[in-house]
Undergrad: 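Let me give you the structure first, and then I'll get to my questions.
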Number of protein chains: 2
Amino acid sequence: MENPLVAKLQQFARLSCESKAALHTHTNGRVCHYGAHEDIISEGDRPYVIRLILTGWAYRYKQLNDGRRQILALSLPGDLCDHNVFVLREMDHTLSSLTPVTLAEITPAAFHALTLAHPCIAQALWWETLVNVATQREWTTNMGCRYAAERLAHLFCEIFYRLRGVGLTEEASCPMPLTQTDLADATGMTTVHVNRSLQELRAERLITIKQRRLTIPDLAALERRALFNPSYLHLYHIGQRRDTKGD
Amino acid sequence: MENPLVAKLQQFARLSCESKAALHTHTNGRVCHYGAHEDIISEGDRPYVIRLILTGWAYRYKQLNDGRRQILALSLPGDLCDHNVFVLREMDHTLSSLTPVTLAEITPAAFHALTLAHPCIAQALWWETLVNVATQREWTTNMGCRYAAERLAHLFCEIFYRLRGVGLTEEASCPMPLTQTDLADATGMTTVHVNRSLQELRAERLITIKQRRLTIPDLAALERRALFNPSYLHLYHIGQRRDTKGD
DNA sequence: CGGCCTGTTGAGTCGAGTCAAGCGCCGTGG
DNA sequence: CCACGGCGCTTGACTCGACTCAACAGGCCG
């Protein structure tokens, strides 16, 4: 299987063959496996290594003193877990696996060498960082001014776009390992309300969820329902995504 | 007046005299002035320059198709407006002035030279970037799982901490140019509800706002009310902040 | 079989939004 | 000098979106 990081970065920049090869070798060092629902790095821990998700889903969350939980972001295959976090002394949130996950661990030194030798990779990684921030802003917007059903619809659109970028969708469907409880924590709602809002979207024939798979029969319609605007993902090579046979 | 960027970065790292001098000269090039409530760079524009806020407040916002507005972040003196945004083709949100503002404009080339010559500055800038992301995550949490009065209290705590870091507080008070409408857009509430929640906080003797100044008689109490945890700001040099006379 | 997790449903409550009106301050202009 | 208008703040009454509590159904697994 293609390296998902290469797939991801190619959405932004054309990478030379040497750069791709370098990414391959640098991300094939130490590989870790986690089961579902394990903390990978916790709030308060000191980060010391850069992680790349190879397969599986993870998520970041934060918990208030009194137990209220907020899911902050999803980490999908090809996502880096904050390259350069080691600049900070400790994590301010927790990264946890949602499904079983395999991670590549990259040392800061190796990473630094990679970016020095390949400026186009360095730039693509900046793109990755900026898209992460933009996504976080979009989540803020989502919580701040969308209604329940719109929030869920927006989340589904984002997931679909991101998975499609790394070749993990099939036709109009994609994996959906999030339970209704997870969806509730990600969108700032209760499970009961998530349940009812999902029914609403189903009744409008915008989504179906069966056996942990999400199907979106009409993506454009779901986008309208969600007031979704993909510009925050800064995908410049749409349409060139699948033309990578010439590698 | 001291360069606010120097003050800000020193919260994280000790900078050498040469590094400080370099920051001074590089951020004293082209200076721009804006009045209150002017767009500095709009959604869809191509960023081409790095901006540093010298004085005044600005904010980022996003607007949905149907007009709903979300304030995403505040930019206070010492804040950089996304160094490296020029990696992206277009802005996905708008940066606008809240009060009259003076900005330093720095070219990407000058910025690049600065980071190459001063690794400690490069690292401090990475810290700045990561704190920005962490702050955005905290805003997501704020919208997702705090009640109205808590949200406002949290916002006030953050503003106070950030302003104190660049020496813009006096005793227990700081400027507060945000109107109730602005607070509403920043916290995902209506102005009516902001008004009532502010009254609540006032009645609990946690804040007073008079003539665009916020006073926090007991910061620790406000933090408890807000479930505020400053760790996301990653301020490591607290207590050393004001001991910079030996420069 | 029984327990647990996930999803579903109903009834009642409550936090927050909507609509509408009125107040006070301030700058402008007649 | 004062009338006017605009903006920001405040208040009341009503509505509605979302939460709480509680019970139950289905599927999976030990």
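All chains are named by letter (A, B, ...) in the order of the sequence lines, taking the proteins before the strands, and each is independently numbered beginning at 1.
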Undergrad: Could you encode protein contacts along nucleotides 3-12 of chain C as a string, one character per nucleotide from 5' to 3', using B for base contact, S for sugar-phosphate-only contact and - for no contact, with a heavy-atom cut-off of under 4.0 Å?
TA: ---SSBBBB-
Undergrad: Please report the distance, rounded to the nearest Å, between CD in E200(B) and C1' in dC14(C).
TA: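 From E200(B) CD to dC14(C) C1': 13 Å.
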Undergrad: Name the residue from R51(A), R60(A), K8(A) that meets the salt bridge (Lys or Arg N to Asp or Glu O under 4.0 Å) definition with D79(A).
TA: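 That would be K8(A); it is the only one of R51(A), R60(A), K8(A) passing the salt bridge (Lys or Arg N to Asp or Glu O under 4.0 Å) with D79(A).
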Undergrad: Test of understanding: with ring pair (Phe, Tyr, Trp, His ring centres under 6.0 Å), list the residues that count as partners of Y61(B), not counting sequence neighbours.
TA: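 Only Y59(B) meet the ring pair (Phe, Tyr, Trp, His ring centres under 6.0 Å) criterion with Y61(B).
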Undergrad: Walking along DNA chain D from 5' to 3', note the first and the last nucleotide with an atom under 4.0 Å from a heavy atom of chain A, and give both.
TA: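 Result: dG17(D) to dC21(D).
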Undergrad: Does CD belonging to E170(B) count more than 12 external heavy atoms closer than 6.0 Å?
TA: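 No, CD of E170(B) has 12 or fewer neighbouring heavy atoms, counting only those of other groups under 6.0 Å.
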Undergrad: Testing the 3.5 Å rule here: is there a donor-acceptor pair between the side chains of T181(B) and T191(B)?
TA: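 There is no such pair between these side chains.
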Undergrad: Can you pull out how bent the helix from dC1(C)-dG30(D) to dG30(C)-dC1(D) is, comparing the axes over its first five and last five pairs, to 10°?
TA: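 For the helix from dC1(C)-dG30(D) to dG30(C)-dC1(D), the axes at either end differ by 30°.
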Undergrad: Does either side chain, that of Q11(B) or that of Y161(B), offer a donor lying less than 3.5 Å from an acceptor on the other one?
TA: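 On atom types as modelled, these side chains do not qualify, holding no pair under 3.5 Å.
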Undergrad: Are S96(B) and E38(B) side-chain neighbours, meaning at least one heavy-atom pair lies under 4.5 Å?
TA: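 No. Closest side-chain heavy atoms not under 4.5 Å.
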Undergrad: Side chains of L103(B) and Y34(B): closer than 4.5 Å at any heavy-atom pair?
TA: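 Yes. Closest side-chain heavy atoms under 4.5 Å.
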Undergrad: Side-chain contact, heavy-atom cut-off 4.5 Å: L227(A) with H154(A)?
TA: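 When only atoms from C-beta onward are counted, H154(A) and L227(A) do not touch, as no gap falls below 4.5 Å.
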Undergrad: Report the residues that fulfil salt bridge (Lys or Arg N to Asp or Glu O under 4.0 Å) with D182(A), sequence neighbours left out, ordered by chain and then residue number.
TA: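 Partners of D182(A) under the salt bridge (Lys or Arg N to Asp or Glu O under 4.0 Å) test: R69(A).
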Undergrad: As a quick check of understanding, evaluate side chain to side chain contact (heavy atoms under 4.5 Å, CB included) for I40(A) and S97(A), giving each step before the final call.
TA: CA-CA 7 Å; I40(A) 296 166; S97(A) 64; 4.2 Å; yes
Undergrad: So do T215(B) and K210(B) actually touch side chain to side chain, heavy atoms under 4.5 Å?
TA: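 When only atoms from C-beta onward are counted, T215(B) and K210(B) do not touch, as no gap falls below 4.5 Å.
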Undergrad: In whole Å, I'd like the distance from the CE atom of M143(B) to the C1' atom of dA16(C).
TA: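 The answer, rounded to whole Å, is 13 Å.
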Undergrad: Going by heavy atoms closer than 4.0 Å, what residues in residues 147-154 of chain B are next to DNA chain C?
TA: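 Y147(B), A148(B) - these, ordered by number, are the residues of the stretch whose heavy atoms sit under 4.0 Å from the strand.
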Undergrad: Can you tell me how far CD1 of I106(A) sits from OG1 of T27(A), rounded to the nearest 0.5 angstrom?
TA: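 T27(A) atom OG1 to I106(A) atom CD1 measures 6.0 Å (nearest 0.5 Å).
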Undergrad: Would you please test E138(A) and K62(B) for side chain to side chain contact (heavy atoms under 4.5 Å, CB included) and show each step?
TA: CA-CA 9 Å; E138(A) 192 61 37; K62(B) 205 155 192 168; 2.5 Å; yes
